[in-house]
Q: 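Structure provided below as structure tokens; questions to follow.
Any value given below was found using the heavy atoms of this structure, including those in side chains, with hydrogens, waters and symmetry copies removed.
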Number of protein chains: 2
Amino acid sequence: MARKVTIQDISREAGTSPSTVSRVLTGSAPVSDAKRDAVLQAIERLNYHPSSIARSLRSKVTYSVGLLLNDISNPFYGVVARGIEDEANRAGYSLILCNTNEDPAREQQYLQVLRSKQVDGIILGPTGDNIDFIRELSEQIPIVLTDRALPGCDHLSAVLVDNEAGSCRAVTQLIENGHKRIAMVRWQKQVATMAQRTAGYEWALREHHIALDPALMIDVPALSVESTAAVMQQMFADGVDFTAIFALNNQLGLGVLSAIQASALRIPDDVALVVFDDSPMFSLFSPPITAIEQPAFAIGEQAMRLLLKQMQDPEHYQPETVVLRTRLVKRESV
Amino acid sequence: MARKVTIQDISREAGTSPSTVSRVLTGSAPVSDAKRDAVLQAIERLNYHPSSIARSLRSKVTYSVGLLLNDISNPFYGVVARGIEDEANRAGYSLILCNTNEDPAREQQYLQVLRSKQVDGIILGPTGDNIDFIRELSEQIPIVLTDRALPGCDHLSAVLVDNEAGSCRAVTQLIENGHKRIAMVRWQKQVATMAQRTAGYEWALREHHIALDPALMIDVPALSVESTAAVMQQMFADGVDFTAIFALNNQLGLGVLSAIQASALRIPDDVALVVFDDSPMFSLFSPPITAIEQPAFAIGEQAMRLLLKQMQDPEHYQPETVVLRTRLVKRESV
DNA sequence: CGTTATAATGAAATCGATTTCAAAAATGAG
DNA sequence: CTCATTTTTGAAATCGATTTCATTATAACG
């Protein structure tokens, strides 16, 4: 294979020094028109492509940022990722995609990789673990949190949604339609989003003087449609008494839906349903599913914007927490 | 901020040379136990983390591969990405995520970035354009195609599905259920997947001696649910005569579904439907939607495996085309 | 026209690792 | 115990750019 063309080759071809070539490449200092043309032509002639690696080594910037998400195949995170990617692309940054699969060990391993690759920043959809490590790392690399807050990391910028208010709105909607025994399905109560959405659920009930019934707060052991469906089907089989369900995220919602179908129940007559996190498909169900919509794309964009800001001027960095509004999309499942 | 710890610092601390430190780091040559321990301890004490950048510059490998996809927020590509990520992670590679959004200019721009970042390989879900550029680039960097074949790039390994057979199966299913006037909805007929699926459609009709009716081959101008819905609603309004629809991908399927709902038609009585590309939600529709399932995760895994193979031994590289089988998931929409 | 400020340039150092090469130390054979 | 191997080791070169620093050319001004 032909040896790679380097800046030396260009300087030789253009009859100038590597420094000058570098200057036309980066625009870091003025260059006479004559030299610039010579360099540009040499670049063209030799089909030269500068090595980002070499550049990064010397200049200490890589123009890449790490993107850690729990599940890129989850449409919510997929859209978040697109928002991030769009904004990153606009600013000339590349993304290093890391899928943690909710596994803290994998998260930590990836954070180490990102450090050694010297990314300029990190957007982190955290598992909820590795807190000390993340705090320490954030002193070397700008980190912006997305989707989930991280207890003890208040000095990090974050882009979140109003989980509590959104949930409260969802449950209130159920209450206003006459439901009093409202079940709630969640996963991992210690994860920030789950905790906040639970709080919203409790808040709505309290506000309407409905007693909290622990039997209606259903925890599923694993975050998957199948696991949720199994738990819910058991609930139906056991004849647990409730008339409505609030699912705390889209996978849980799908599990509930699946159990409802398997148990041959009708929505909303046998059981009403609201899901936190909307899907374009929900409007096509019969009946269409009422859901809390999250501005996924905007979450991504904002997160990247906060990160860019912090990377551009790490000196006067001030943590910012952006909380975006969710919206209740009323359909016909309640 | 504290100056970064380098290999020099370690060598000093451990009372040895940088070369030796490098040797314990990479295991490229034997090191005595005494020295090794001293180095390891120094690394521990100073909290040293080697710079991948510097390493890559010298050793010419980056342990990162580019991942170009058209739409990471599309669940199909999301699952493909997970398959790739899983396999890449296992082999110690990082992914650079590039979303092309079906835009050839963006695709080319990204390919250039990947070259300058000196990725060890590229997995490409191509827009269908930039063929010459891709061919040229593939002489410098291993490239594996996913999802779509690329005319004139037969020397590239690729992981595809049996689009033609799958489509034929889908349409045959409609025919066997008595349908004769079967519409087909597609986008960009020159894109490989669309062309192959169209061929499958035509093949099934031919086999059953049903004449092809160009009026039933519907092209939508843009790949989006809204655009498809608009076109289909017009078809319904115009009273075009067909009893079944075959949608060539998931977005098109959603658009059709949306139009059917807006036009208050019933499935399968007013119109039957099969969608190429299944969704976990399809089984929850009423009626559940019949679809062609693609092994998305396996596509990703296989693509990464082919790439790994090629990267490990570029010398005796032999292009391989893996065609994975699709499966008809019979539900109740036909 | 001389003097000073500014613009343009190149030589050399640098970024932080790996790799090459040669020398030193350890081991084994006779 | 000597000589030939084989292991370990470190000095120095290297990867391919940017950056610093000193120098030369050019412009501006009184």
Side-chain angles (χ1 to χ4, degrees), chain A residues 1-40 42-43 46-64 112-113 115-120 140, chain B residues 1-40 42-43 46-64 112-113 115-120 140:
Chain A
M1 205 184 291
R3 204 180 60 75
K4 251 210 130 236
V5 178
T6 74
I7 201 172
Q8 314 284 342
D9 302 322
I10 300 303
S11 68
R12 199 172 315 117
E13 177 85 6
T16 178
S17 70
S19 336
T20 300
V21 177
S22 173
R23 286 191 264 261
V24 344
L25 248 37
T26 63
S28 60
V31 171
S32 71
D33 290 350
K35 292 266 173 193
R36 156 168 295 109
D37 287 353
V39 167
L40 258 22
I43 288 178
L46 302 187
N47 192 26
Y48 166 68
H49 303 286
S51 154
S52 307
I53 302 283
R55 173 178 303 199
S56 293
L57 177 58
R58 180 67 236 234
S59 66
K60 318 260 101 186
V61 296
T62 55
Y63 282 97
S64 37
Q112 273 156 353
V113 170
R115 166 171 56 193
S116 92
K117 287 202 185 271
Q118 264 141 257
V119 293
D120 298 338
Q140 305 173 56
Chain B
M1 206 184 289
R3 205 179 58 74
K4 250 207 130 238
V5 179
T6 74
I7 201 172
Q8 313 285 343
D9 301 322
I10 301 301
S11 69
R12 200 172 316 118
E13 177 85 5
T16 180
S17 70
S19 337
T20 300
V21 177
S22 172
R23 287 191 262 258
V24 345
L25 247 38
T26 64
S28 60
V31 171
S32 69
D33 290 349
K35 292 266 173 193
R36 159 170 290 109
D37 288 353
V39 167
L40 258 21
I43 287 177
L46 302 188
N47 191 29
Y48 167 67
H49 302 285
S51 155
S52 308
I53 301 284
R55 173 178 304 198
S56 294
L57 177 59
R58 181 66 234 237
S59 66
K60 317 261 107 189
V61 296
T62 55
Y63 282 98
S64 37
Q112 274 157 351
V113 169
R115 166 171 55 191
S116 92
K117 287 203 185 271
Q118 263 141 255
V119 293
D120 299 338
Q140 305 174 55

Q: Remember a base hit wins even if backbone is also touched, and classify B/Ser11 as base, sugar-phosphate or nothing at under 4.0 Å, heavy atoms.
A: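 If one applies the 4.0 Å heavy-atom cut-off, B/Ser11 turns out to touch nothing in the nucleic acid.
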Q: May I ask you to say what B/Thr16 touches in the nucleic acid, namely base, sugar-phosphate or nothing, with a heavy-atom cut-off under 4.0 Å?
A: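 Contact class for B/Thr16: sugar-phosphate only.
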Q: Base, sugar-phosphate or nothing for A/Ser22? Non-hydrogen atoms, less than 4.0 Å.
A: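 Contact class for A/Ser22: base.
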Q: So which of residues 29-39 of chain A are in contact with DNA chain C, with a heavy-atom cut-off of under 4.0 Å?
A: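 Per residue number, the list reads A/Pro30, A/Val31, A/Ser32, A/Lys35.
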Q: Which nucleotide span of DNA chain D, 5' end to 3' end, has atoms closer than 4.0 Å to non-hydrogen atoms of chain B?
A: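 Footprint of chain B along DNA chain D, 5' to 3': D/dT8 to D/dG16.
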Q: Base, sugar-phosphate alone, or nothing: which one does A/Ser19 contact when heavy atoms must sit under 4.0 Å apart?
A: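 Base, at least one base atom sits under 4.0 Å.
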Q: Distance from A/Thr6 atom OG1 to A/Leu46 atom CG, nearest 0.5 Å?
A: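 The distance works out to 9.5 Å.
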Q: Which residues, if any, of residues 55-64 of chain B bring a heavy atom under 4.0 Å of DNA chain C?
A: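 Here the set is B/Arg55, B/Leu57, B/Arg58, B/Ser59.
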Q: Regarding B/Ser52, tell me which of base, sugar-phosphate or nothing describes its non-hydrogen contacts under 4.0 Å with the strands shown.
A: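 Result for B/Ser52 = nothing.
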Q: Looking only at atom types and distance, does a side-chain atom of A/Thr62 sit under 3.5 Å from a main-chain N or O of A/Ser56, one as donor and one as acceptor?
A: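 Side chain of A/Thr62 to backbone of A/Ser56, a donor-acceptor pair under 3.5 Å: no, none is there.
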Q: When you look at CG of B/Asp33, are more than 12 heavy atoms from neighbouring residues, nucleotides or ligands closer to it than 6.0 Å?
A: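 12 or below, so no.
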Q: Judged by each residue's nearest nucleotide on DNA chain D, which is more toward the 5′ side, A/Arg23 or A/Gln8?
A: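 Its nearest nucleotide lies further toward 5', so the answer is A/Gln8.
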Q: Can you tell me how far apart NE2 (A/His49) and OG (B/Ser116) are? Round to the nearest 0.5 Å.
A: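 Rounded to the nearest 0.5 Å, the NE2-OG separation comes to 9.5 Å.
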Q: Applying a 4.0 Å non-hydrogen cut-off, can you work out what B/Thr6 is touching in the nucleic acid: base, sugar-phosphate, or nothing?
A: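 The answer is sugar-phosphate, as B/Thr6 gets under 4.0 Å only of primed atoms, P, OP1 or OP2.
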